[in-house]
Amino acid sequence: MSDPLRGRAERVELRRKVNHEAASECTAANSRESGFAARALEPGHRIVDPSFASAEPLSKHSVQASAVTRAVNPRPDGGARAAEIYPAHLLHPRLIHSHLRENVKKPLRVMKFGGTSVGDASCIQRVVEIVRAAAHESDVVVVVSAMSGVTNKLVEAANQAEAGSRESVAMIFEELRERHETAAKVLIPSDEKCQAIVSVIQARVQDGERICEDAILRRDLSPRVRDAISGLGERLSAPLVAAALAERGVASEAIEATELVVTNSCHGAAEPFMDLTRERCEARLRPLLRQGTVAVVTGFIGATVEGVPTTLGRNSSDYSGTIMGAALDADEVTLWTDVDGILTADPRLVPGASSILEMSYREAADLAELGAKVLHPKTMHALMQQGIPIAIRNTFAPERPGTKITTNGSANGTVVRALTASNDAGLITLRASRVSDTPDILHRALAAVASVPAELRLAPQHSASQDEICLVVPSALAAPTVHALRKEFTSDLACGSVKGLALEPAVALVTVVGEQLFGPGGLVGRVLNALTCENIAVLARSRGSSRSSFTFVVAQCDMKSAVVVAHRQLQSSAGAAGGRSL
Ligand code: ADP
Ligand code: ASP
Ligand code: MG
């Protein structure tokens with residue numbers, strides 16, 4: 001069976017070598033023709049550090065006996081002659097030039113830009129410079145989110161439509177129209193060209209208003225209609241980014257992912273059918289790439305086979321990026337965001353959190369699943385098998401390395417650790433005597449939770465005294481869950497076999513993720529001690545099933561200090577071990 005990772009590494013290495021040699025040839029030829037050693041900057045161009053857009057693929061798999069290395073070092077057994085195995089252009093570099101003209105393949109990069117990266121005209125200008133630099137050396141597919149905050153506004157518009165509030169809906173769409181038009185006017189100074197993009201913006205806004213008006217008349221908003229409304233943000237940002245690229249001389253085309261990403265009909269959390277998606281991407285995007293056009297694809301959305309628009313879930317443009325990467329067998333996917341990659345904690349909570357340079361798909365997935373907002377939990381699913389590397393980079397500091405996610409993660413095997421935190425949970429405590437001896441109580445409690453339905457945020461816990469069960473549910477569902485539990489245990493509460501039900505409505509979950517967390521002197525023990533020293537009460541705790549995480553529950557008002565205290569321990573343990581933190 002062929003090894004896909006090795007195949008990828010070989011292809012990448014081959015492309016890199018061929019391109020490098022061709023580039024040297026072209027540079028030499030250009031210099032001869034123009035008399036200049038380097039291309040002059042066009043007026044108004046900012047210099048972009050080429051190091052962040054280098055053609056060097058991220059793939060860390062070493063190239064074992066690639067075609068190129070074998071050509072240079074023929075087999076010692078003197079078996080097949082190199083000329084029989086390798087194309088002539090590899091053995092005779094002077095043939096490269098003509099070969100390249102017909103046949104060269106540039107590395108393919110998928111570059112996804114999040115909401116803050118396309119938040120206004122000046123952010124979009126940064127995006128344009130990053131894409132422009134990359135497009136010199138690579139084929140590029142851009143995936144964009146909606147401008148920051150726009151999807152929230154659209155969700156609000158949908159809610160207002162459901163409530164029948166025409167006026168609120170109109171205000172939201174007016175605000176969105178104005179915001180996008182303002183950006184368009186800055187990005188595209190020429191009146192005529194700007195008018196074209198303004199017409200697109202107005203048409204999209206009218207789409208949204210029309211869908212909401214239908215919903216108001218029917219007083220009903222199906223998940224299908226919600227998806228059609230909430231997906232409008234990306235349909236507004238993609239044409240804007242494409243137009244801004246064109247304005248700076250980068251051939252580009254905005255494409256709606258409803259044409260490309262074929263999904264099931266699970267509205268609000270749709271899953272792609274990868275084979276169909278691959279076919280569509282090949283048919284629609286490959287010809288554009290061949291002619292050097294940058295495709296600017298909407299993140300977040302897709303469509304069913306019948307063409308009904310869907311969304312992949314909130315925050316899922318990361319996933320759209322890796323779906324595109326997998327579908328096109330890209331050389332790398334870069335998720336451009338507003339922080340320096342994945343950090344040891346959310347920098348909004350811990351300003352001193354540090355970037356993690358390298359991690360494995362598995363480590364990144366754990367962190368994302370346990371709540372690190374920087375990555376959508378499904379991001380890694382799409383391309384793990386193909387071994388396509390993911391980079392997380394900062395649009396606002398593109399010279400910084402960010403984080404590289406690969407199959408094996410860090411080469412030097414150091415311990416990987418980080419913290420995540422989320423603050424929108426309620427903690428329900430059910431008291432009975434020796435609950436662990438009466439599994440029936442736990443089963444009945446879980447059935448009551450499922451009837452709400454509420455998703456447990458933490459595995460149900462017994463207290464140390466064994467006479468309490470702790471259940472953590474999303475804040476919004478805490479009261480209905482207590483209601484369902486009261487109903488289930490009415491007679492038990494009356495006769496005293498269940499002693500009480502209590503709700504702590506505003507709690508936070510802080511999770512330590514990584515390896516070697518437990519045992520004497522382990523990080524978890526040290527974090528719990530430090531929290532006690534700081535008088536931060538731990539209301540419940542849970543060891544993750546894989547032993548690579550530990551979650552503790554604190555009052556919401558204690559969350560920030562708990563994270564800071566835990567992070568201090570994490571940093572000192574990373575320092576002591578001489579390792580890095582996840
Ligand atoms: P984008 O719109 O680019 O997808 P998001 O807002 O979804 O960006 O994710 C980036 C944000 O994730 C950061 O601004 C940061 O506040 C938050 N975040 C949470 N945990 C982490 C972490 N461990 N590392 C980096 N950022 C994190
Ligand atoms: N715009 C979508 C959201 O806000 C998707 C994304 O930005 O990743 O959820
Ligand atoms: Mg995001």
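Counting starts at 1 for both ligands and their atoms, in listed order.
- Under a 4.0 Å heavy-atom criterion, A353 is not in contact with ligand 1.
- When only modelled atom types and interatomic distance are considered, T511 and S549 share no side-chain donor-acceptor pair under 3.5 Å.
- Proximity of E234 to ligand 2, defined as any heavy-atom pair under 4.0 Å, is confined to the side chain (atoms from C-beta onward).
- Neither the backbone nor the side chain of A418 comes within 4.0 Å of ligand 1, counting heavy atoms alone.
- Against a heavy-atom cut-off of under 4.0 Å, T151 is close to the following atoms of ligand 2: 1 (N), 2 (C), 3 (C), 4 (O).
- The distance from ligand 1 to the heavy atoms of R348 drops below 4.0 Å at these ligand atoms: 16 (O), 17 (C).
- Within the 4.0 Å heavy-atom shell around ligand 1 one does not find S145.
- With a cut-off of 2.8 Å, the Mg ion (ligand 3) has an N, O or S atom of N315 in range.
- Shown in contact with L343 at under 4.0 Å from a heavy atom are these atoms of ligand 1, numbered in order with element: 22 (C), 23 (N), 24 (N), 25 (C).
- Comment: R284 engages E253 in a salt bridge, judged by a side-chain N to carboxylate O separation of less than 4.0 angstrom.
- At a cut-off of 3.5 Å, with distance as the only test, a side-chain donor of D120 or S122 sits close to an acceptor on the other residue.
- Under the 4.0 Å criterion applied to side-chain N and carboxylate O atoms, R417 and E515 are not assigned as salt-bridge partners.
- Between the choices G299, S317, G233, G115, the shortest heavy-atom distance to atom 5 (C) of ligand 2 belongs to S317.
- The two atoms that bring V563 and L419 nearest to each other are O-CD1, 3.6 Å, heavy atoms only.
- Using the six-membered ring where Trp is involved, F113 and W336 have ring planes that are parallel, under 30° apart on the 30 and 60° scheme.
- In summary, the atoms of ligand 2 found under 4.0 Å from a heavy atom of S145, numbered by their order in the structure, are 6 (C), 7 (O), 8 (O).
- Closest to atom 2 (O) of ligand 1 among all protein heavy atoms lies G115 N, 3.1 Å.
- If you look at K112 next to ligand 1, the close heavy atoms, those under 4.0 Å, all belong to the side chain.
- Numbered from 1 in the order shown, with element, the atoms of ligand 1 that lie under 4.0 Å from a heavy atom of T337 read 1 (P), 3 (O), 8 (O), 10 (C).
- Of the heavy atoms in V339, only side-chain atoms (C-beta onward) come closer than 4.0 Å to ligand 1.
- Using the six-membered ring where Trp is involved, F518 and F550 have ring planes that are perpendicular, over 60° apart on the 30 and 60° scheme.
- Between R314 and N152, the side chains place a donor N or O and an acceptor N or O closer than 3.5 Å (distance only, hydrogens not considered).
- Contact of the S475 side chain with the Q556 side chain is registered, since non-hydrogen atoms from C-beta on lie closer than 4.5 Å.
- For the pair K373 and D346, the salt-bridge criterion is not met [side-chain N within less than 4.0 Å of a carboxylate O].
- M380 places a side-chain heavy atom less than 4.5 Å from the side chain of I390.
- Heavy-atom contacts of F300 reach the following atoms of ligand 2: 2 (C), 5 (C) (cutoff under 4.0 Å).
- Between L419 and ligand 1, a contact under 3.5 Å exists for no N or O pair.
- The shortest distance between side-chain heavy atoms of L335 and T379 falls below 4.5 Å.
- Within the 4.5 Å cutoff, no side-chain heavy atoms of V143 are placed close to those of M111.
- Atom 13 (C) of ligand 1 has as its closest protein heavy atom D338 OD1, 3.5 Å.
- Interface of R314 with ligand 2, defined as ligand atoms under 4.0 Å from a residue heavy atom, comprises 3 (C), 4 (O), 9 (O).
- Atom 5 (P) of ligand 1 has its closest protein heavy atom at K373 NZ, 3.7 Å.
- The distance from the OG1 atom of T311 to the CG atom of D227 is 3.5 Å, given to the nearest 0.5 Å.
- E129 has no carboxylate O lying under 4.0 Å from a charged side-chain N of R126, or vice versa, which leaves the two without a salt bridge.
- Heavy atoms of N315 found under 4.0 angstrom from ligand 1 belong exclusively to the side chain.
- Among the atoms of T344, none of the N or O lies under 3.5 angstrom from an N or O of ligand 1.
- The shortest N or O to N or O distance between N315 and ligand 2 is under 3.5 Å.
- When hydrogens are left out, the protein atom nearest atom 21 (C) of ligand 1 is D346 CA, 3.7 Å; that is the closest non-hydrogen contact.
- Taking all heavy atoms of L349, T116, V374 into account, the minimum distance to atom 27 (C) of ligand 1 is reached by V374.
- Nearest to atom 25 (C) of ligand 1 among the protein's heavy atoms is G341 O, 3.4 Å.
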